[in-house]
Amino acid sequence: MSQMVTDLLTGLNEQQQRAVTTTEGPVLVVAGPGSGKTRVLTHRIAWLIQQMNVHPSQILAVTFTNKAAREMRDRIEKLIGVDATDGLVMGTFHSLGVRILRQNPGRVAEQLQLQPNFVIYDDGDQMELAKTAVKNANLDPKQITPRRMLSRISAAKSVLQTPTDVATEAQSYDDEIVARVYTEYEKLLRAANAVDFDDLLGLPIRLFDQDPGTLARYQQQFRYILVDEYQDTNRVQYVMVSALAEMYGNLFVVGDPDQSIYGWRQADIRNILDFKNDYPSANEIHLEQNYRSTGRIVQAADRVIRDNKDRIDRKMTTVNDDGEMIQLRELADQQHEAQWIVSEIRRIVSAHKVLPEQIAVMYRTTAQSRVLEEAFRTSEFRYQIVGGVRFYERREVRDIMAVLRVLYNPADTVSLLRVIDNLPIGKGFGPAAFETATKWATEQRRPLLDALLTQVPSIANQETGPLPHFSGAGLKGAARIGTAFAILREKKNELTLAEIFDQIVEVMEVRKMFETGTEEDLQRWANVQELRTDLERYDLVPSAEALPAYLEQVALISDADTIKDDNIGSVTLITLHSAKGLEYPAVFIAGAEEGLLPIYRAVEAEAFDESAMEEERRLFYVGITRAQKLLYITYAQSRMTHGQYRAGTISRFIEPIPAESMRRVTREAHRTSAKPREYGRTEPGSFTSRVQQPWGNAPVPKKVLPVIPDFQEGNVVFHPKFGEGTVTSVTARRDNDKEVTVAFKKAEYGTKRLMASLANMDIIS
DNA sequence: TTTATCCCTATTTTT
DNA sequence: TAGGGATAAA
């Protein structure tokens with residue numbers, strides 16, 4: 001026994017040990033970045049199982065991503081053995097929610113009017129629903145944007161407000177509109193036998209309210225509850241945790257108020273700040289020693305976050321070496337920025353300082369990833385983009401998935417509409433016909449798919465009630481689509497998912513979608529086939545279980561879950577939000593500019609509300625603290641936004657970083673219109689740079705915007721990528737820019753229309 | 001009903 | 001820039 005005790009506590013500092021061994025009662029751990037919080041969580045669970053003889057099934061651990069859950073389980077197994085975690089309940093709040101709903105089908109149907117084969121609607125589906133809801137509420141989608149309605153609805157659900165609550169508490173006409181749309185939205189959702197992400201949290205709570213016995217069973221089961229990233233929980237999550245922990249009170253939460261970055265998703269920082277009020281007997285433990293980063297990085301992070309006013313003063317310390325200087329680099333625009341990052345990675349990799357998989361490039365907006373990806377694609381480096389256009393969000397993949405979803409839940413209107421609109425089989429079945437089907441389904445209280453199935457001769461004669469009245473093309477279409485689904489339905493229980501896929505391709509005439517033979521078509525067809533490979537993972541799962549399991553897995557997968565650790569040789573491109581909880585030896589933070597980081601919206605709101613700005617600062621703080629050894633921050637003098645170049649200013653967040661910790665390289669402004677720049681290379685190095693005194697004494701250099709030559713028809717011009725060409729026409733645009741049509745010498749580039757301001761061309765003659 | 005074309009606007013972050 | 005939505009024509 002004593003041997004094991006030492007095993008689980010070895011190498012932990014005093015506070016960490018306390019966090020591991022204080023098993024009874026509420027415990028709040030405030031854990032700074034790199035302070036060994038994951039270690040504490042894993043060791044604590046191991047401790048509970050091994051030292052306290054707690055059965056794993058009595059422990060609930062809530063993590064921020066499924067990947068984090070998997071990793072923690074692995075680490076615990078390494079500590080106490082492979083089978084020792086059997087029964088341990090570990091996952092995200094959302095997966096816990098689904099679990100509760102799926103485990104109680106009878107009560108869910110009875111209390112929540114949700115059939116066991118409900119599907120989870122993702123944001124694309126939700127958007128469709130919101131559009132319809134706005135129309136059903138007789139509102140103009142142009143004024144009342146579905147997008148905004150959706151975010152209001154989500155906000156309401158995050159604080160457990162029903163449409164009635166919103167209506168009752170409405171303070172303005174707009175609130176009333178929200179209530180109306182919300183009401184319609186809920187109707188549609190229930191009619192489709194579907195739930196949205198917020199429901200996965202809210203519905204279990206409603207179930208608990210209406211059926212205390214169910215709650216009691218979970219309270220009974222979960223004697224020990226652990227919650228990671230507690231600073232990012234919202235009201236519903238708070239209520240769920242409090243409810244579950246009520247019986248035993250062994251609630252262990254870990255978080256860092258300085259890393260709260262999901263306020264916009266209704267995360268409520270008060271949950272962590274008020275923990276001591278909620279649980280007066282709580283033990284509070286602070287982990288303040290950073291084991292992750294160099295001294296310079298820790299200090300920089302500390303200085304940055306100190307500018308936040310709404311914050312508990314804490315100091316992060318480290319005994320690590322000062323390490324390398326932080327590098328701040330100014331680049332001309334986003335292309336140069338991307339190029340520079342690639343070449344700097346090349347430099348540090350070839351100097352054998354780091355491996356590509358130890359490097360991450362982080363950015364504020366997903367849009368930034370496109371340019372970065374382009375730079376990596378044309379480089380020798382492999383890369384993985386976390387998030388961005390997700391595989392399951394590709395149109396063609398979703399189209400096929402929609403068939404699977406209808407097969408599972410024939411009431412899924414959004415998916416059925418998707419099938420009709422996007423698959424060849426739906427041709428001829430237009431809005432009018434769809435309306436007929438919807439009306440019938442609503443009146444008859446039948447799943448929407450049945451409207452089409454009634455048009456299949458062999459099924460129609462078993463119908464007793466009234467049939468929908470399709471006309472013309474709609475009639476033929478309904479029969480065709482209905483027959484296809486009937487065939488699939490017939491076979492679905494005997495086939496594996498991959499085999500069902502093959503049937504779908506055949507019956508739904510999927511190949512017709514990719515007949516033009518263009519490169520794009522080939523790629524999309526390849527994606528569809530990749531979906532088949534993905535489905536094969538479920539080959540060994542019994543057919544009846546495979547479909548729901550697969551759909552659920554896809555619905556709950558998160559960006560961070562897609563990170564591959566075995567992607568050796570790949571650089572990671574990731575948003576700052578998704579990077580939370582991760583660490584890399586080398587980190588690049590791109591786009592440290594006003595308007596981007598902090599984001600424009602926060603700057604706008606700053607005058608009357610500083611909270612958004614403070615959240616931006618925390619986001620930057622999260623970015624900095626991901627770095628172990630090397631930290632690079634880049635910004636561009638001008639950047640393309642809304643299709644136009646816009647001059648940028650360095651982010652205000654850079655300023656507090658100590659000058660002596662940072663090496664700042666700016667772009668030297670030496671280019672003038674009188675001296676045409678060198679042709680050819682636009683790679684980094686083609687412009688001169690100089691090391692400047694770090695912040696403070698040197699004023700920010702005056703920006704020189706590139707001079708745009710006055711292109712005329714007949715000019716011979718040089719383009720850095722396409723080479724020489726002749727201007728065939730010039731058109732002035734409203735935005736003071738000019739559109740220049742150039743016939744390039746090299747036939748492969750042909751004739752292109754270029755924006756004068758962007759093209760980076762010079763006149764040769 | 002479908003398709004082509006044009007115009008407009010939006011860009012924050014995600015379970 | 002790009003994607004969505006409106007409009008017009010077949």
Side-chain angles (χ1 to χ4, degrees), chain A residues 62-68 91-98 120-124 126-128 131 140-142 145-148 150-151 154 157-158 195-201 229 232-234 236-237 260-267 334 362-371 386-390 393 395 420-421 426-434 471-474 476-477 554-562 574-580 591 595-605 612 615-616 618-620 622-623 639-646 734-735 755 758:
Chain A
V62 182
T63 56
F64 207 67
T65 64
N66 296 302
K67 180 165 179 274
T92 62
F93 273 107
H94 292 86
S95 61
L96 174 65
V98 182
I120 301 165
Y121 272 2
D122 66 19
D123 21 82
Q126 288 178 44
M127 185 60 82
E128 289 305 314
K131 279 180 198 162
D140 176 10
K142 265 197 224 144
T145 64
R147 206 172 169 26
R148 191 173 65 88
L150 220 41
S151 88
S154 173
K157 288 193 177 192
S158 299
V195 300
D196 62 19
F197 281 124
D198 297 303
D199 286 342
L200 294 180
L201 309 171
E229 306 284 5
D232 280 323
T233 52
N234 63 20
V236 198
Q237 293 167 334
S260 164
I261 54 174
Y262 284 97
W264 51 274
R265 214 168 70 187
Q266 318 310 317
Q334 71 270 37
M362 304 180 183
Y363 37 84
R364 178 63 236 264
T365 65
T366 43
Q368 289 170 262
S369 68
R370 296 184 87 246
V371 180
V386 181
V389 186
R390 292 157 253 210
E393 277 174 25
R395 225 193 84 190
I420 291 167
D421 279 352
K427 286 248 154 59
F429 195 88
F434 191 77
S471 58
K476 271 172 74 186
V554 170
L556 293 181
I557 201 163
S558 77
D559 281 351
D561 292 335
T562 64
I574 190 169
T575 63
L576 287 162
H577 279 90
S578 296
K580 188 175 73 160
L596 203 52
L597 184 62
I599 200 84
Y600 184 65
R601 296 276 279 256
V603 179
E604 243 184 354
E615 184 154 309
E616 292 296 301
R618 290 194 293 269
L619 193 53
F620 186 55
V622 166
R639 184 177 295 270
M640 172 93 84
T641 355
H642 295 221
Q644 259 181 202
Y645 268 95
R646 196 197 83 214
R734 265 187 311 181
D735 51 13
M755 223 61 93
L758 323 185

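Letters A, B, ... are given to chains in the order of the sequence lines, protein chains preceding strands, and every chain is numbered from 1.
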Going by salt bridge (charged side-chain N to carboxylate O under 4.0 Å, His left out), name the residues that satisfy it together with Arg147(A), two or more places apart in sequence or in a different chain. none
All side chain to side chain donor-acceptor pair (under 3.5 Å) counterparts of Thr92(A), not counting sequence neighbours: Ser95(A)
Which residues satisfy the salt bridge (charged side-chain N to carboxylate O under 4.0 Å, His left out) test with Glu229(A), sequence neighbours excluded? Lys37(A), Lys580(A)
Quick one: list whatever passes ring-ring contact (aromatic ring centres under 6.0 Å, His included) with Tyr363(A), sequence neighbours left out. none
What is the separation between atom CD on Gln644(A) and atom P on dT1(C), rounded to the nearest whole Å? 11 Å
Check whether any side-chain heavy atom of Asn234(A) lies under 4.5 Å from a side-chain heavy atom of Arg265(A), and answer yes or no. no
Considering residues at least two apart in sequence or located in another chain, which fulfil the ring-ring contact (aromatic ring centres under 6.0 Å, His included) criterion with Phe434(A)? none
Between dG4(C) and dT13(B), how far apart are the two C1' atoms, rounded to whole Å? 22 Å
Sorted by chain and number, sequence neighbours left out, salt bridge (charged side-chain N to carboxylate O under 4.0 Å, His left out) with Asp561(A) holds for none
Report the residues that fulfil side chain to side chain donor-acceptor pair (under 3.5 Å) with Thr365(A), sequence neighbours left out, ordered by chain and then residue number. Gln368(A)
What does Arg370(A) touch in the nucleic acid at a heavy-atom separation under 4.0 angstrom: a base, only the sugar-phosphate, or nothing? sugar-phosphate
Partners meeting salt bridge (charged side-chain N to carboxylate O under 4.0 Å, His left out) with Asp199(A) (sequence neighbours left out): Lys157(A), Arg190(A)
Sorted by chain and residue number, the ring-ring contact (aromatic ring centres under 6.0 Å, His included) partners of Phe620(A) (sequence neighbours excluded) come out as Phe653(A)
Shorter than 3.5 Å, N or O on both sides, protein versus nucleotides 3-10 of chain C: list them out with atom names.
from   : atom 1 : to        : atom 2 : distance (Å)
dG5(C) : OP1    : Lys131(A) : NZ     : 3.3

Output one line per pair: protein atom, nucleotide atom from nucleotides 11-15 of chain B, and distance, for all N/O pairs under 3.5 Å.
from    : atom 1 : to        : atom 2 : distance (Å)
dT11(B) : OP1    : Arg147(A) : NE     : 2.8
dT11(B) : OP1    : Arg147(A) : NH2    : 3.2
dT11(B) : OP2    : Arg147(A) : NE     : 3.2
dT12(B) : O2     : Arg364(A) : NH1    : 2.7
dT12(B) : O2     : Arg364(A) : NH2    : 2.1
dT13(B) : OP1    : Thr366(A) : N      : 2.7
dT13(B) : OP1    : Thr366(A) : OG1    : 2.6
dT13(B) : O4'    : Arg364(A) : NH2    : 3.3
dT13(B) : O2     : Trp264(A) : NE1    : 3.0
dT13(B) : O2     : Arg364(A) : NH2    : 2.6
dT13(B) : O2     : His577(A) : NE2    : 3.4
dT14(B) : OP1    : Thr575(A) : OG1    : 2.9
dT14(B) : OP1    : Ser578(A) : OG     : 3.4
dT15(B) : OP1    : Asp559(A) : N      : 3.1
dT15(B) : OP2    : Asp559(A) : N      : 3.3
dT15(B) : O4'    : Arg265(A) : NH1    : 3.4
dT15(B) : O3'    : His94(A)  : ND1    : 3.3
dT15(B) : O2     : His94(A)  : NE2    : 3.1
dT15(B) : O4     : Asp123(A) : OD2    : 3.3

Measure all distances between protein nitrogen or oxygen atoms and nitrogen or oxygen atoms of nucleotides 2-7 of chain B, and list the pairs falling under 3.5 Å.
from   : atom 1 : to        : atom 2 : distance (Å)
dT2(B) : OP1    : Gly428(A) : N      : 2.5

